[in-house]
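Please read all numbers here as calculations on a predicted model, not as lab measurements. A note on names: the letters A, B, ... follow the listed sequences, proteins ahead of strands, and every chain is numbered from 1.
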Amino acid sequence: MDISTLPLSATVRGKLISAGYTSISSLASISSSDLARDLNLLDSEAREILKVAFPVNGMDKVEGSHSIVSGAKNAWDMLHEDEFLTRITTSSADLDNILRGGISCKEVTEIGGVPGIGKTQLGIQLAVNVQIPSHCGGLGGKAVYIDTEGSFMVERALQIAEACVEDMSEYSEFVHKGFQAGQETMQSKDILRNIYYFRACTYTEQIALINHLGSFISEHKDVKIVIIDSVTFHFRQDFDDLALRTRVLGGMALKLMKLAKEFCLAVVLMNQVTTKVVEGSFQLSLALGDSWSHACTNRVILYWNGNERYAYIDKAPSLKPATAAYSVTRRGIRNSESSCKRNKMM
Amino acid sequence: MANKLISEMGLPKSIANVLSARNIRTAKEALSLTEFDLMELLDVGLAEVTSAVAHISAAVSPPCQTALSLMEQRIKNEEFSGHIPTKLNGLDEALCGGIPFGVLTELVGPAGIGKTQFCLKMALLASLPVRYGGLNGRVIYIDAESKFSSRRMIEIGASSFPEIFNMQGMAREMAGRIVVLQPTSLSEFTESLQQIKVSLLQHEVKLLIIDSMAALISVEHGQQAPRQQSLGWHISFIKSLAEFSRVPVLVTNQVRSQHRDQAPQYSFQDSSNAGDLERADKYDSRLVAALGINWAHAVTIRLVLEAKSGQRYLKVAKSPLSPPLAFPFIITSSGISLLDDEGFELRGQEISTIHFQESDTRMLNAGHNDITKFNG
């Protein structure tokens with residue numbers, strides 16, 4: 001491998017090349033003091049270069065057969081982890097079904113759809129549902145809601161939270177058969193208190209916030225979901241250089257993926273749709289282009305099918321492509337049959 | 001925030017100097033580049049770049065609020081906890097009190113359906129004294145289609161709130177609070193938007209109306225590409241204007257016709273299936289909102305006004321607050337009034353379609369005569 005692949009500054013790289021170190025293997029058998037002498041650098045700087053060239057070199061290889069490459073895990077262990085992968089319910093059993101239990105933690109899920117299909121509603125629903133305590137079968141976490149469009153409505157969050165509190169008390173009554181549970185019951189105010197809301201007004205703020213999120217979450221360890229509604233808006237409006245846009249978006253996606261893994265939380269990105277011309281006819285597709293579509297692990301598209309709202313799993317390595325109907329009610333996201341029984345809500 | 005100067009963020013001197021030497025002065029410039037781009041450009045190591053980026057990010061990222069504090073703040077500081085009532089009881093209930101502050105609310109509908117009537121009424125309501133349920137503020141009314149009629153507005157006022165408008169000099173005071181701008185081109189509109197940004201905060205402005213957005217955009221550009229771009233700028237500007245000053249923004253949008261078979265679908269959807277359902281009207285055209293999907297994503301609430309078999313309906317087509325409801329309405333001397341405050345819930349896509357059936361022309365004509373009578 002060439003040393004130009006290493007994340008080194010241009011000066012250092014220039015020095016290495018002019019001293020004859022053009023490949024990584026040429027650095028393999030050299031000590032830091034020799035390197036420092038050759039490049040006319042401080043010993044500590046040379047040590048930094050070697051650290052960059054050979055990250056965490058195999059000193060600690062003793063821990064078992066599976067660390068052939070440090071940092072790697074074998075597939076069997078990953079399967080084991082998969083079983084403990086926690087999921088956040090969407091409050092619609094059909095939707096949960098095709099998602100195998102809900103939005104999964106440790107993964108980045110993208111949700112797209114036409115205006116008015118219920119993306120924001122689903123986002124708010126998830127921000128509420130992540131807080132369902134463990135004795136009711138939830139995660140008992142907190143939510144970070146990043147609003148780039150200004151469409152987050154506290155009134156709506158309150159409605160959904162109230163419905164969720166009712167459902168939870170119904171559930172615990174059902175489970176404990178009238179026995180008054182010792183745990184404090186959650187109030188809708190508590191739910192709202194546990195939604196951390198950020199309003200990003202420009203793409204710069206959006207990028208900055210995502211960079212900063214790591215340190216925010218390490219202070220608030222119980223955050224279990226990060227919702228960005230929508231990831232698209234600013235990048236669609238005021239970004240002229242499309243190549244740069246792709247790079248910046250790619251970087252952002254990587255950071256989010258890292259967050260998801262590191263803190264074991266779910267990342268949900270809302271995306272808008274755009275029309276594109278395919279073979280002469282107009283087609284709907286999610287915005288931000290083709291290279292972005294590789295950025296997320298899972299992609300769910302919400303769409304109208306006749307008179308029903310449907311969700312379609314467009315891409316997910318561990319799920320099979322499937323569709324499910326759902327509906328948006330006053331109480332939040334629910335199954336679509338329930339909406340048949342209920343005619344008028346007001 | 002985005003244009004915050006890096007030199008004022010208290011970065012370590014060495015890296016701050018390197019950044020300014022490379023002409024990277026604002027957070028926007030620094031954060032638009034990836035870390036590797038920055039390393040290349042600044043000629044420093046990865047560790048320094050990451051710590052600098054982290055520092056800049058921390059300085060620029062917006063503050064955190066909890067949803068609870070957000071709600072309490074609104075209830076405490078704002079009239080009607082951040083809503084302007086439309087006085088249409090059913091609609092107000094569906095929207096948790098009225099048109100929310102700080103976001104875009106859009107009215108879509110065919111010509112002559114009552115969009116401007118709605119706007120005129122809202123302008124009055126915002127300028128009404130608080131004791132009569134108004135916001136007691138000024139209104140900026142951007143009239144791009146030259147449809148604003150002071151006479152009609154005062155008429156609406158006089159028949160909805162006779163007790164106020166019969167008072168000596170009140171009509172004059174109310175109307176005096178409504179400032180009408182009539183831009184003739186997009187560039188003129190852009191200019192006045194920038195001026196509005198300043199005056200919104202200085203002069204107790206409680207409502208901004210743009211009637212209509214589509215007229216402004218479509219006059220200027222025939223072609224798709226430049227239209228998209230200039231629209232993009234306006235979308236973010238108007239949205240940030242609304243957000244920043246917490247003023248409700250009411251925007252109207254025209255309609256255009258689209259062929260059934262042009263209606264876009266996702267590639268995975270089975271198009272033959274949809275064709276079966278609607279074979280009868282396959283060659284009919286239908287009405288869609290004039291500004292496309294990018295715009296539709298940007299508005300928070302979309303209200304559709306339509307006429308179906310001679311009956312007019314107001315539909316809450318897109319709203320994070322309410323279920324998909326439709327209300328039949330008529331236009332009277334006091335503006336739009338709902339025939340029934342219950343409304344009915346629509347299932348499926350019906351909520352976002354726009355009908356304009358002229359089958360019962362008699363009734364439509366009658367409706368129009370009503371309006372012209374008031375004007376004359």
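Taking 4.5 Å as the limit, some side-chain heavy atom of A/L284 sits within range of a side-chain heavy atom of B/I293. Between A/R199 and B/P62, the closest side-chain pair of non-hydrogen atoms is not below 4.5 Å. The side-chain heavy atoms of B/E72 and A/K189, taken from C-beta on, include a pair separated by under 4.5 Å. Between B/H297 and A/V273 there is a side-chain heavy-atom pair separated by less than 4.5 Å.
In this structure, the portions of B/S57 lying under 4.5 Å from any heavy atom of chain A include both its backbone and its side chain. Residue A/K119 touches chain B through its side chain alone, counting heavy-atom pairs closer than 4.5 Å. Of the atoms belonging to B/V103, it is side-chain heavy atoms, and not backbone ones, that fall under 4.5 Å from chain A. Contacts of A/V114 with chain B are made by both backbone and side-chain atoms, with heavy-atom separations under 4.5 Å. Neither the backbone nor the side chain of A/I117 comes within less than 4.5 Å of any heavy atom in chain B. Of the atoms belonging to B/R302, not a single heavy atom falls under 4.5 Å from chain A. With a 4.5 Å cut-off on non-hydrogen atoms, B/S319 touches chain A through its backbone but not through its side chain. Heavy-atom distances place both the backbone and the side chain of A/E149 under 4.5 Å from chain B. Only the side chain of B/E243 comes within less than 4.5 Å of a heavy atom in chain A; its backbone stays farther off.
Within 6.0 Å of CG on B/D340 lie more than 12 heavy atoms contributed by other residues, nucleotides or ligands. Environment of NZ in A/K315: crowded, with over 12 heavy atoms of neighbouring residues, nucleotides or ligands closer than 6.0 Å.
Annotation: residues 30-39 of chain B contacts chain A through B/L31, B/S32, B/T34, B/E35, B/F36, B/D37, B/M39 [non-hydrogen atoms, separation under 4.5 Å].
Heavy-atom pairs under 4.5 Å with chain A were tallied for B/A317, B/A296, B/S69; the largest tally goes to B/A296. Taking chain B as the reference chain and counting heavy-atom pairs below 4.5 Å, the highest number among A/L213, A/L192, A/L158, A/N194 is found for A/L192. Of the listed residues (B/P100, B/A47, B/A58, B/G45), the greatest number of heavy-atom pairs within a distance under 4.5 Å of chain A belongs to B/A58. Most heavy-atom pairs under 4.5 Å with chain B, from the set A/L244, A/T11, A/T232, A/T275: that is A/T11. With respect to chain A, the highest number of heavy-atom pairs below 4.5 Å among B/V299, B/I56, B/V44, B/V53 belongs to B/V44. In terms of heavy-atom pairs under 4.5 angstrom with chain A, the leader among B/L46, B/L70, B/T300 is B/L70. When each of A/D314, A/L286, A/N211 is scored by its heavy-atom pairs under 4.5 Å with chain B, the top score falls to A/N211. Contacts with chain B were tallied for A/M153, A/E48, A/M252; A/M153 has the most, counting heavy-atom pairs under 4.5 Å.
Between the CG atom of B/L104 and the OG atom of A/S151 there is a distance of 11.5 Å, given to the nearest 0.5 Å. Rounding to the nearest 0.5 angstrom, the gap separating the CG atom in B/D43 from the CG atom in A/L8 is 11.0 Å. Taking NZ from A/K142 and OG1 from B/T66, the interatomic distance works out to 10.0 Å, rounded to the nearest 0.5 Å. Atoms CG and OH, from A/L302 and B/Y266 in turn, are 7.5 Å apart once rounded to the nearest 0.5 Å. We find the CZ-SG distance between A/F198 and B/C64 to be 4.0 Å, quoted to the nearest 0.5 Å. A distance of 11.0 Å separates OG of B/S236 from OH of A/Y203, quoted to the nearest 0.5 Å.
Between the side chains of B/H83 and A/E155, a donor-acceptor pair is found at a separation under 3.5 Å.
Heavy-atom minimum distance, B/K318 versus A/G116: CG-CA, 3.5 Å. Residue B/C96 comes nearest to A/Q159 through the heavy atom pair SG-NE2, 3.6 Å, listed as atom of the first residue, atom of the second, then distance.
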Before giving the answer on side-chain contact (heavy atoms from CB on, under 4.5 Å), spell out for A/F233 and B/N294 the whole-Å C-alpha distance, their side-chain angles and the decisive distance to 0.1 Å. CA-CA 9 Å; A/F233 180 71; B/N294 190 8; over 6 Å; no

Given the rule in the salt bridge (Lys or Arg N to Asp or Glu O under 4.0 Å) test, do B/K28 and A/E205 qualify, once you have shown the distances and angles that lead to the verdict? CA-CA 8 Å; B/K28 183 175 178 174; A/E205 284 185 28; over 6 Å; no

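A salt bridge between A/R13 and B/E40 is present, with a side-chain N of the basic residue lying under 4.0 Å from a carboxylate O of the acidic one.
For A/Y145, the ring-ring contact (aromatic ring centres under 6.0 Å, His included) partners two or more places apart in sequence, or in a different chain, are A/F152.
Formation of a donor-acceptor pair under 3.5 Å by the A/R193 side chain with backbone atoms of B/L68 is not found in this model.
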